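Index from 1, following the sequence. What you are looking at is a predicted structure, and each value in this text was computed from that prediction instead of being measured. Start at 1 and go down the list; that is how both ligands and their atoms are numbered. Values below: all heavy atoms of this structure, side chains included; hydrogens, waters and symmetry mates excluded.
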Amino acid sequence: MASAKQQYTAENIQVLEGLEPVRKRPGMYIGSTDERGLHHLVYEIVDNAIDEAMAGHCNLVIVTLHDDGSVSVDDNGRGIPVDIHPKAKKSALEIVLTTLHAGGKFGGDESGYKVSGGLHGVGSSVVNALSVKMHAEVYRDGKVWMQDYERGRPVADVKAKGETKKQGTLIRFWPDKEIFDTLDFSLVVIMNRLRQQAYLTRGITIGLLDEREKRSEEDQKYPRLYRFHFEGGISAYVQHLNDSKDVIGKPIWFEKEVPEGFVEVALQYTRSFQELVASFANNIHTTEGGHHMTGFKAAITRTINAYARTQSILKEKDENLTADDVREGLTAIISVRLKDPQFEGQTKSKLGNAEMKTAVETVVNEKLAEYFEEHPGEARDIVAKCTLAARARLAARAARDSVIRKGALDGMTLPGKLADCSSRDPSECELFIVEGDSAGGSAKQGRNREFQAILPLRGKILNVEQSRLDKMLVNNEIKSLVIALGVGIGEVKDFSKLRYHRVVIMTDADVDGAHIRTLLLTLFFRYFPELMEAGFIYIAQPPLYKINKGKEVMYAYSDEEKDKILKEWGVKPEELEIKDEDETAPVPEENEALTKGAKAKKDEPKKTARVNIQRYKGLGEMNPEQLWDTTMNPESRSLLRVTMEDAEQADATFTTLMGSEVAPRKKFIQTHAKTVKNLDI
Ligand code: TSJ
């Protein structure tokens with residue numbers, strides 16, 4: 001075939017290299033030799049068939065997981081050319097499968113951007129090198145051609161083995177157990193990948209057949225045969241992602257060839273708050289985004305604002321909708337194809353080609369504006385959804401401002417409940433935020449007044465207000481905290497005024513305590529991240545158990561520690577019954593003698609000898625001295641410094657605690673937006 005010869009000229013096959021380096025350092029070519037690397041082999045071969053489909057020559061790809069551990073992929077494309085390359089004096093098929101970086105598909109012809117991006121840009125020869133065996137069959141010009149390989153080396157020349165009416169290519173390979181940690185393919189993993197590829201390649205049919213007798217437990221949950229075909233392509237993908245959501249109109253879809261390559265976008269707004277925007281470059285999911293994503297975001301922001309202005313939905317005095325406003329509730333897929341994709345970032349999944357920003361931006365600007373012109377009803381719905389998001393954002397700000405407004409906190413005196421310390425040197429001052437008045441009492445009595453301040457917060461109030469972070473700032477408890485810190489909040493924060501360089505959250509070791517801790521961490525994370533970054537936020541570590549043998553007292557801060565102490569004291573945990581404090585007589589805190597007496601009395605009736613364990617359910621159960629010894633005394637206590645990661649975790653927990661919605665806080669504000677004054681959109 002003339003065209004095949006053209007494709008496989010010497011210039012096109014740029015680097016002719018042996019495959020030894022691939023077997024020596026497989027990780028360099030497929031990323032790793034674990035399960036991920038193993039699956040990469042399948043993707044690499046499938047990508048070739050999908051390229052043929054994208055070139056318009058094939059519409060069916062079938063992947064089979066065989067019972068002998070091999071995988072085969074066949075397509076109904078033109079068939080890899082088999083003619084002899086004049087310089088290499090080898091069949092093109094052999095060159096493709098045995099030469100690193102070779103093959104017409106990597107050449108620079110005008111359809112060159114239709115290449116697969118392959119995470120590591122490798123190719124079928126790498127798969128061959130990492131397989132004990134490979135078998136290739138090409139159906140072309142009425143003949144069947146074949147060649148076999150062992151660890152990348154051809155066993156014999158390409159030869160014809162009969163006639164056929166079929167057209168296409170079949171590749172079967174047996175991954176090498178010397179290379180891979182595991183040879184077990186996961187049907188689920190492959191299925192997900194193929195489904196995604198089918199969405200991204202409109203009109204293609206991808207079949208998947210699992211012929212293995214022994215399947216993993218996970219795989220057994222799924223049938224053995226699949227067929228992925230999406231006439232709608234990424235538009236169907238968007239529809240699928242929005243399956244369970246309340247949508248605004250049909251998915252909007254457009255595509256365009258541009259000098260830089262090819263841009264395809266599908267998007268659909270939903271009435272949810274979730275943003276789901278995924279981008280792909282040459283069918284590779286760019287999880288870290290990149291220039292195509294940036295271009296897309298810029299374009300929707302611009303287009304929606306422009307439309308809202310021309311339609312006078314946004315008035316002259318109104319602020320523009322922000323990029324966040326226009327992405328709330330948006331589901332979109334951006335798919336670009338380009339000649340030389342550059343993958344950057346931590347996981348090499350960020351598109352680095354700057355030219356794709358303008359390419360995507362221009363296409364989306366033009367096509368989306370056009371769509372809005374042609375569908376004014378839908379356009380209005382979308383703009384309304386975005387202005388609603390803006391209103392929620394402004395309401396949140398207004399709610400905050402109502403507490404923050406300069407001077408609002410300034411004039412206020414320190415809260416009455418705060419038992420402040422006498423030192424005015426913030427670097428030595430500590431603020432203990434304590435849950436509940438009773439624990440607050442113990443802490444106030446037990447502390448060192450010189451440098452330790454106590455602020456009791458009433459747990460109940462915090463619990464009730466849990467789902468209303470913005471309201472929280474209007475809550476008196478929190479207001480007290482903000483005033484006690486001395487820094488203000490929002491735009492008028494001033495950290496030079498911070499009154500304590502240690503802020504210690506001291507809550508009970510129970511569910512409520514954990515809840516309040518989460519809430520406080522969330523508050524710090526969202527409103528005082530600076531304190532967190534500076535390492536000023538701590539969590540107190542009160543003991544979980546008091547263990548005593550006669551007069552000897554030990555505190556255990558974890559179950560492991562408790563067991564360790566018991567072991568040291570020669571007690572088997574089973575022999576002990578653990579008492580909750582409230583099952584025993586309350587211990588009067590003030591009277592030292594009485595306290596001792598009570599302890600002694602408790603010791604006596606224990607049939608299991610002298611060792612006694614008491615589980616603390618709350619800080620309030622400790623007397624001031626105990627609280628000082630175990631939790632507050634800088635000499636003997638341990639504090640947990642809160643990191644940004646802890647806080648992020650808390651923030652996430654907080655969000656899930658409040659329900660399944662992704663932005664419940666916004667939802668709350670939204671439903672209450674009408675009640676917030678000074679809002680005028
Ligand atoms: F590369 C491979 F072995 F991994 C592989 C390639 C595996 C599979 C399953 C399919 C393919 C493949 C390659 N399918 N279709 C093609 N097509 C070509 O290589 C081809 C055919 C004809 C012409 C032409 O110009 O006539 C050009 C090409 C690149």
Visitor: Numbering the atoms of ligand 1 from 1, which are under 4.0 Å from a heavy atom of Leu97?
Guide: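 Heavy-atom distances to Leu97 below 4.0 Å select 3 (F).
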Visitor: So is Asp74 touching ligand 1 or not, going by heavy atoms under 4.0 Å?
Guide: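 Per 4.0 Å heavy-atom rule, Asp74 does not contact ligand 1.
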Visitor: Mark the output for Ala136 as yes if a heavy-atom distance to ligand 1 is under 4.0 Å, and as no if none is.
Guide: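 Outside the 4.0 Å threshold, so no.
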Visitor: Enumerate the atoms of ligand 1 whose separation from the nearest heavy atom of Glu52 is less than 4.0 angstrom.
Guide: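 Here the atoms of ligand 1 in question are 14 (N), 15 (N), 16 (C), 17 (N), 18 (C), 20 (C).
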Visitor: Could you tell me, atom by atom, which parts of ligand 1 come under 4.0 Å of a heavy atom of Val73?
Guide: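 Near Val73, meaning under 4.0 Å from one of its heavy atoms, ligand 1 has 9 (C).
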Visitor: Does the side chain of Asn128 come under 3.5 Å of the side chain of Ser125 through a donor N or O and an acceptor N or O?
Guide: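 Judged by distance alone, the side chains do not pair up.
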Visitor: Can you list the ligand 1 atoms lying under 4.0 Å from a non-hydrogen atom of Gly79?
Guide: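 In order of numbering, the contacting atoms are 21 (C), 22 (C).
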Visitor: Give the atoms of ligand 1, by number and element, whose distance to some non-hydrogen atom of Arg78 is under 4.0 Å.
Guide: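 Per the distance check, 20 (C), 21 (C), 22 (C), 23 (C), 24 (C), 25 (O), 26 (O), 27 (C), 28 (C).
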Visitor: Quick check on contacts: which atoms of ligand 1 are under 4.0 angstrom from a heavy atom of Asp75?
Guide: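 Selected atoms, number and element: 10 (C), 11 (C), 12 (C), 14 (N), 15 (N).
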Visitor: Assess, by modelled atom type and distance only, whether the side chains of Ser131 and Asp176 contain a donor and an acceptor separated by less than 3.5 Å.
Guide: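 No - no donor-acceptor pair under 3.5 Å links their side chains.
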Visitor: Between Asn283 and Gln197, does any side-chain donor sit less than 3.5 Å from a side-chain acceptor?
Guide: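 Result is yes, a qualifying pair exists.
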Visitor: Do the side-chain N and O atoms of Ser349 and Thr287 include a donor-acceptor pair separated by under 3.5 angstrom?
Guide: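 Yes, a side-chain donor-acceptor pair sits under 3.5 Å.
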Visitor: Tell me yes or no: between the side chains of His292 and Thr286, is some donor less than 3.5 Å from an acceptor?
Guide: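 Yes - a donor-acceptor pair under 3.5 Å links their side chains.
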Visitor: Please work out whether any backbone atom (N, CA, C, O) or any side-chain heavy atom from C-beta onward of Val46 is under 4.0 Å from ligand 1, and answer side chain, backbone, both or neither.
Guide: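 It is neither; nothing of Val46 touches ligand 1.
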Visitor: So for Arg172, does at least one of its heavy atoms come nearer than 4.0 angstrom to any atom of ligand 1?
Guide: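 No, that is not the case, since the closest heavy atom of the residue is not under 4.0 Å from the ligand.
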Visitor: Heavy-atom contact check, 4.0 Å cutoff: does Ser124 meet ligand 1?
Guide: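 Flag set, Ser124 near ligand 1.
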Visitor: For residues 363-377, pull every pair meeting side-chain hydrogen bond (donor to acceptor under 3.5 Å, both in side chains), keeping only residues two or more places apart or in separate chains.
Guide: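 side-chain hydrogen bond (donor to acceptor under 3.5 Å, both in side chains) check on residues 363-377 returns Lys256-Glu366, Thr303-Asn365, Tyr371-Glu378.
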Visitor: I'd like a table of donor-acceptor pairs (distance under 3.5 Å, sequence neighbours excluded) in which one partner is a side-chain atom from residues 61-70, with atom names and distances.
Guide:
{"unit_1": "His66", "atom_1": "ND1", "unit_2": "Glu211", "atom_2": "OE1", "d": "3.4"}
{"unit_1": "His66", "atom_1": "NE2", "unit_2": "Ser72", "atom_2": "OG", "d": "2.7"}
{"unit_1": "Asp67", "atom_1": "OD1", "unit_2": "Glu213", "atom_2": "N", "d": "2.8"}
{"unit_1": "Asp68", "atom_1": "OD1", "unit_2": "Ser70", "atom_2": "N", "d": "3.1"}
{"unit_1": "Asp68", "atom_1": "OD1", "unit_2": "Ser70", "atom_2": "OG", "d": "2.7"}
{"unit_1": "Asp68", "atom_1": "OD1", "unit_2": "Arg172", "atom_2": "NH2", "d": "3.4"}
{"unit_1": "Asp68", "atom_1": "OD2", "unit_2": "Arg172", "atom_2": "NH2", "d": "3.0"}
{"unit_1": "Asp68", "atom_1": "OD2", "unit_2": "Trp174", "atom_2": "NE1", "d": "2.9"}
{"unit_1": "Ser70", "atom_1": "OG", "unit_2": "Arg172", "atom_2": "NE", "d": "2.8"}
{"unit_1": "Ser70", "atom_1": "OG", "unit_2": "Arg172", "atom_2": "NH2", "d": "3.2"}

Visitor: Using a 4.0 Å heavy-atom cut-off, which part of Glu137 comes near ligand 1: side chain, backbone, both, or neither?
Guide: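 Neither part.
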Visitor: For the residue pair Glu288 / Thr347, report whether a side-chain donor-acceptor contact shorter than 3.5 Å exists.
Guide: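 Thr347 vs Glu288: donor-acceptor pair found between side chains.
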